[in-house]
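Convention: sequence-line order gives letters A, B, ...; per-chain numbering from 1.
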2 protein chains.
Amino acid sequence: MNPAEQTALPEDRENSSRALAVLRERLSALHDADGRLPPERDLATGLGISRRALRRALEVLEAEGLIWRQQGKGTFVGNRPSLAGDLARDLAGRTNPVEVFEVRLHVEPTLARHAALRATQQDIAQMRRLNDRIRDAADDDSRELWDEALHRRIAQSAGNALFLGVHEIIDQVRRDEAWRSLRVRARNDAARATYIAQHAAIIDAIATRDPAAAAEAMTAHIRTLSHNILPLAGMEVPLAGP
Amino acid sequence: MNPAEQTALPEDRENSSRALAVLRERLSALHDADGRLPPERDLATGLGISRRALRRALEVLEAEGLIWRQQGKGTFVGNRPSLAGDLARDLAGRTNPVEVFEVRLHVEPTLARHAALRATQQDIAQMRRLNDRIRDAADDDSRELWDEALHRRIAQSAGNALFLGVHEIIDQVRRDEAWRSLRVRARNDAARATYIAQHAAIIDAIATRDPAAAAEAMTAHIRTLSHNILPLAGMEVPLAGP
DNA sequence: TTTGTGAACCAATTCGCGAATGGTTGCGAT
DNA sequence: ATCGCAACCATTCGCGAATTGGTTCACAAA
């Protein structure tokens, strides 16, 4: 899924063809374990529509970020896999949560600082929507997805493609399967309200174009995260500042 | 080649088998344009030695970092290609030199700061050797290799595997083929002495365990680089500090 | 005219299989 | 014991056929 794109969509697409509505509804039932949809030819005949009509519907779903397609490969639900995947898996095996927080503590406040200077009004509105999604999330897994989307949106708003790539690497390492149990143990009802308030403080600082405040708010947020998470891994919280 | 490893080697390996000496001598003449050596079986018969003796020699060369091997693929001279390659090429196509310096200006001083706290005496001695290699380099291409090795050694000394991975990505983007002509134009005899002096200042700060001075020296170095290079690309020098 | 349909073709990818290659083991000679 | 030789294992490559998304075209339907 791509939470960031979903919320950015208008809800008035029902005037589209019937194929789109049918496809959107059955999307989660059609794909296999790997998220792969049947080939376009099979899917078209299976749904009783022409291939061209099917492709128009798929174009909409792709623009919404619900699916991704690649010639010769197939059509898949979810987000297109990133080139950072292999590198992130390799790094995840050689680093540890303390190092990840040490890096985040230096990178993410800088991204927030730049976002305060460069974020558009759409960026800021989207950040607020994403923080609402975090607050209203029904379960921990979706909450993690929205939280990741918010941090990514801030990184995007910093307006530096290389910095965004660096952030993506860090984020993928953080979310590596090897540390899944740690993330599950870190889920903490009491801390949720704190996180949402800290997110709001970061967004407010960006909205008021205050780079120093944005960086400080982000630093405080990541420090809170590290204090809540690292002890669960039996690790010390690093003292170094940004 | 792996300049960092080469200089770290002791010179007393001549008591090894004759095959090793022969192989080490002819190494640069045996590989093809891609750095590939002949298959072990062919190479063994070609050198008139048994495959086992050849493999023992290759093990030494691999440990020295002069070659790398992979089952089913072959044996190659030089450094094993990094997983960061694909991602770096992709990022190089979406970023630009200004963004690269913006990121370096935030990442490398931090690495130098950490190196001041964590570098070993071997690290520091190696840094000085590498700066001498830069000074004594015969041509610009090898000078670039030694310079890269020095910056990498500083990143290694920071003692954070994830940060090292981030630095590797940035470095590979910086060295992307697409910007080769820019790097060539940036070669400047007059600036060489400045760079070597700035490197020495960084190493001195690390050696005296002064994190702030190390970070400041690195910041000054990268600012000098950006002032010398970015105008060649018709770009403004970014003002933001670390 | 406009739109949709089916078919054919293009381009990128995958799959299967044999060959090549580094990694490993075992046997026999020295 | 050590060395040389051979055989075998695991991974990768190369190539061709099949698969799959991307595109074009002619024709029919609205």
Under-4.0 Å salt bridge between B:Arg89 and B:Asp176: no

Distance below 4.0 Å between B:Thr75 side-chain N/O and C:dG22 OP1 or OP2: yes

Pairs flagged by side-chain hydrogen bond (donor to acceptor under 3.5 Å, both in side chains) wherever residues 65-78 of chain B is involved - sequence neighbours left out: B:Glu62-B:Arg69

Rounded distance (Å) that lies between atom P of C:dT24 and atom CZ of B:Arg56: 15 Å

Side-chain heavy-atom pair B:Asp123, B:Ile154 within 4.5 angstrom cut-off: no

A:Arg118 and B:Glu102 ion-paired at < 4.0 Å: yes

Residues forming a salt bridge (Lys or Arg N to Asp or Glu O under 4.0 Å) with A:Glu168, sequence neighbours excluded: none

B:Glu40 CD to D:dA10 C1', straight-line distance once rounded to whole Å: 14 Å

Check: B:Gln172/B:Arg175 side-chain N/O donor and acceptor closer than 3.5 Å: no

Whole-Å gap separating C1' (D:dG21) and CG (A:Leu58): 10 Å

B:Arg55 side-chain N/O to C:dG23 phosphate OP1/OP2 under 4.0 Å: yes

Beyond-backbone contact of B:Leu111 with B:Leu164, side-chain heavy atoms, under 4.5 angstrom: no

Find every protein N or O atom lying less than 3.5 Å from an N or O atom of nucleotides 11-14 of chain C, and list the pairs.
from	atom 1	to	atom 2	distance (Å)
C:dA11	O4'	A:Gln71	OE1	3.2
C:dA11	N3	A:Gln71	OE1	2.5
C:dA12	O4'	A:Gln71	OE1	3.2
C:dT13	OP1	A:Gln70	NE2	3.1

Spacing between A:Ile49 atom CD1 and C:dT3 atom C1', to the nearest angstrom: 16 Å

Rounded distance in Å - CG (A:Leu54) to P (D:dG22): 11 Å

Nearest heavy atoms of A:Arg174 and A:Glu148, plus distance in Å: NH2-CB, 4.2 Å

Any side-chain heavy-atom pair of B:Phe163 and B:Val107 under 4.5 Å: yes

Integer-rounded Å distance: C:dG22 C1' and B:Leu43 CG: 13 Å

Is there any protein nitrogen or oxygen under 3.5 Å from a nitrogen or oxygen in nucleotides 27-30 of chain D, and what are the pairs?
none

Distance in angstrom units between B:Phe76 CZ and D:dC13 C1', rounded: 11 Å

Donor-acceptor pair present, B:Arg51 side chain and C:dG23 base, under 3.5 Å: yes

Carboxylate-amine/guanidinium proximity below 4.0 Å for B:Asp140 and B:Arg143: yes

A:Asp136 bridged to A:Arg133 by N-O distance under 4.0 Å: no

Donor-acceptor pair (no angle test) under 3.5 Å: A:Arg41 side chain, D:dG21 base: yes

Presence of salt bridge, A:Glu64 and A:Arg24, under 4.0 angstrom: yes

A:Leu61 CG - D:dG21 P separation (whole Å): 14 Å

Basic-acidic side-chain contact under 4.0 Å: B:Arg187, B:Glu144: yes

Contact state string [nucleotides 25-30 of chain C, B base, S sugar-phosphate only, - no protein heavy atom under 4.0 Å]: ------

Residues touching DNA chain D, which here means a heavy atom under 4.0 Å, drawn from residues 85-94 of chain A: none

Note: B:Arg128-B:Asp132 ion pair, threshold 4.0 Å (strictly below): no

